[in-house]
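Quick note: numbers below take in every heavy atom, side chains included, and nothing from hydrogens, waters or symmetry partners. Values in this document were obtained by computation on a predicted structure and should not be read as measured data.
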Amino acid sequence: MAMIYDFPTNYEEKIDQATKLMEKGYIDQAICLLEDFLEVVKDQKIEFEVKKQLITAYMLKGEFEMCEALILEIKAANCLDLIVAAHDILVTMFQLPGDVVETKQLEYGRELGLNVLTNKNLIELVYQLKTYYESYWYETIDKKIQVLKNESSFETRLMVLSDLQAIDPIQLTLFQEEFESILNNCSQPIIKTMLFELLVQKGIECEVNFDSEMVSRQLKTTADSLDEFYEQLNQAIHLLFEIEVDEDTRQLLKQHLIFFYQCLFPFVDEVNPGEVVQELARMLLGIELELVRQQKGLDDKLNTMTDITYKMSQYILSLSSLM
């Protein structure tokens with residue numbers, strides 16, 4: 001059966017199928033098709049052509065490490081051409097400083113025996129491919145961002161955030177201004193905080209305004225802006241694991257703790273973690289919890305906190321937007 005796959009007509013058909021899948025945006029399916037085909041290919045020339053197409057698919061997904069691995073395989077088999085060289089230079093361009101890129105260009109010039117004209121062709125091809133991939137990434141990400149911007153469904157927005165989490169920061173950086181606009185106009189506090197966290201993880205800096213009654217704060221999407229948030233949230237989760245409840249209840253309360261603190265961010269210093277856990281259990285599940293307060297000063301802090309019942313009521317009311 002494997003020998004049948006080695007016929008050129010069959011190889012061209014597979015390449016064509018993969019190309020059509022990529023044109024429709026089904027990149028994962030194209031990758032699976034090509035990877036499966038590679039397992040049965042015996043002819044080196046056909047294997048080379050399939051791997052070149054697979055490099056394109058990996059690039060469209062922004063999977064640079066997979067591209068690098070394939071390029072190393074091709075180089076080891078002495079099957080280089082301008083297209084593979086251009087992709088190798090481009091992957092380097094997206095990840096490393098300019099001087100490294102220039103060094104790689106010179107290396108390929110020597111390795112492929114390029115003259116002035118063919119070397120110019122190589123450089124032009126690199127920038128043509130760069131434009132092609134960046135345009136594809138831009139269009140793909142822009143569609144997701146427009147959904148995030150205009151869709152009111154909490155579930156749909158969560159799906160978009162999950163998709164954005166898998167995208168390389170290099171690609172997302174193109175939308176820094178758009179992200180900043182979405183953050184400053186977002187009416188769902190939980191989504192706003194999740195997007196804020198995502199941009200911090202991706203290293204995309206935006207200035208974001210937060211309003212709470214008579215108080216306003218402006219934060220940048222940097223790691224230190226989340227320090228207090230994670231400290232307070234982790235303290236509440238730690239207290240939750242000190243109480244005696246069944247595991248299902250504990251996990252339910254933990255998820256609501258995360259949502260509540262995301263809803264409250266960045267004004268998390270206005271509430272007491274112990275009271276948060278107690279009120280969540282009481283208002284959501286009708287359970288009265290007895291907390292063991294071991295942290296020094298925790299009881300003293302109770303009298304200085306904003307009314308947790310009011311804030312918890314606001315959170316409960318906001319749950320309708322999660323449906």
> Around atom OH of Tyr230, are there more than 12 heavy atoms of other residues, nucleotides or ligands at under 6.0 Å?
Replying inline: yes
>> If you count heavy atoms of other groups shown closer than 6.0 angstrom to CD of Gln44, is the number above 12?
In response: no
> CH2 of Trp137 to CG of Leu172: how many Å apart, nearest 0.5 Å?
Replying inline: 11.0 Å
> In this structure, are over 12 heavy atoms from other groups packed under 6.0 Å from Glu65 atom CD?
Replying inline: no
>> Show, in sequence, the C-alpha distance, side-chain angles and deciding distance for Lys61 and Asp168, and conclude whether the salt bridge (Lys or Arg N to Asp or Glu O under 4.0 Å) test is met.
In response: CA-CA 9 Å; Lys61 281 203 71 178; Asp168 191 274; over 6 Å; no
>> According to a hydrophobic-cluster definition based on side-chain heavy atoms being under 4.5 Å apart (Ile, Leu, Val, Met, Phe, Trp, Tyr only), do Leu21 and Met66 belong together?
In response: no
> Within the side chain of Gln235, is there an N or O that forms a donor-acceptor pair under 3.5 Å with the backbone of Pro273?
Replying inline: no
>> Can you tell me how far apart CD (Glu63) and SG (Cys67) are? Round to the nearest 0.5 Å.
In response: 8.0 Å
> If every non-hydrogen atom of Ala18 is compared with every non-hydrogen atom of Ala30, which pair is closest and at what distance?
Replying inline: O-CB, 3.7 Å
> What heavy-atom pair brings Gly25 and Tyr136 nearest, and what distance separates the two atoms?
Replying inline: CA-OH, 4.2 Å
> Looking only at side chains, do Thr19 and Gln53 share a donor and an acceptor under 3.5 Å apart?
Replying inline: yes
> How about Ile204 and Leu198: do any of their side-chain heavy atoms sit closer than 4.5 Å?
Replying inline: no
>> Using modelled atom types and a 3.5 Å cut-off, is there a donor and acceptor pairing between side-chain atoms of Thr221 and backbone atoms of Leu199?
In response: no
> Rounded to the nearest 0.5 Å, how far does NZ of Lys202 lie from CG of Leu164?
Replying inline: 8.5 Å
> Between atom CG of Asp88 and atom OH of Tyr108, what is the distance when rounded to the nearest 0.5 Å?
Replying inline: 3.5 Å
> Just by distance, do the side chain of Thr118 and the backbone of Asn115 share a donor-acceptor pair under 3.5 Å?
Replying inline: yes
>> On a heavy-atom basis, which atom in Gln105 and which in Asn119 lie closest, and how many Å separate them?
In response: O-OD1, 4.3 Å
>> Let's go through Gln128 and Glu124 carefully: what are the C-alpha distance in whole Å and the side-chain angles of both, what is the deciding distance for side-chain hydrogen bond (donor to acceptor under 3.5 Å, both in side chains) to 0.1 Å, and is it a yes or a no?
In response: CA-CA 6 Å; Gln128 287 172 3; Glu124 288 178 351; 5.1 Å; no
> Can you hop from Leu82 to Tyr127 via hydrophobic side chains spaced under 4.5 Å?
Replying inline: yes
> Relative to Tyr26, does Lys20 satisfy both conditions: NZ or CZ under 6.0 angstrom from the six-membered ring centre, and within 45 degrees of the ring's axis?
Replying inline: no
>> Distance check, rounded to the nearest 0.5 Å: Glu111 atom CD versus Lys75 atom NZ?
In response: 5.5 Å
>> Does any part of the side chain of Val91, heavy atoms only, come nearer than 4.5 Å to the side chain of Tyr58, both counted from C-beta?
In response: no
>> Test your reading of the model: is there a side-chain donor-acceptor pair from Arg157 to the backbone of Leu148, 3.5 Å cut-off?
In response: yes
> In Å and rounded to the nearest 0.5 Å, what is the CG to CD distance from Leu239 to Gln278?
Replying inline: 9.0 Å
>> With side-chain contact (heavy atoms from CB on, under 4.5 Å) as the test, pick out the partner of Gln255 among Leu257, Ile258, Leu252.
In response: Ile258
>> Can a donor-acceptor pair be found, under 3.5 Å and without considering hydrogens, that links the side chain of Glu180 to the backbone of Val208?
In response: no
> How about Tyr138 and Phe175: are their ring centroids closer than 6.0 Å?
Replying inline: yes
> Would you say Ile74 and Ile83 are hydrophobically clustered, going by side-chain heavy atoms of ILVMFWY under 4.5 Å?
Replying inline: yes
> Looking at Phe241, is Arg250 sitting on its ring face, NZ or CZ under 6.0 Å from the six-membered ring centre and within 45 degrees of the normal?
Replying inline: yes
>> I'd like to know whether Gln262 forms a side-chain hydrogen bond (donor to acceptor under 3.5 Å, both in side chains) with Gln188, so could you lay out the CA-CA distance, the side-chain angles of the two residues, the decisive distance to 0.1 Å, and finally the verdict.
In response: CA-CA 10 Å; Gln262 287 174 331; Gln188 293 177 319; over 6 Å; no
> Is it true that Met159 and Ile190 fall in one hydrophobic cluster, defined by side-chain heavy atoms closer than 4.5 Å?
Replying inline: no
> Do Leu174 and Val160 share a hydrophobic cluster (ILVMFWY, side-chain heavy atoms under 4.5 Å, transitive)?
Replying inline: yes
> Taking the six-membered ring for Trp, are His87 and Phe64 ring centroids under 6.0 Å apart?
Replying inline: no
> So Phe265 and Phe229, would you call those rings parallel, tilted or perpendicular, with 30° and 60° as cut-offs?
Replying inline: perpendicular
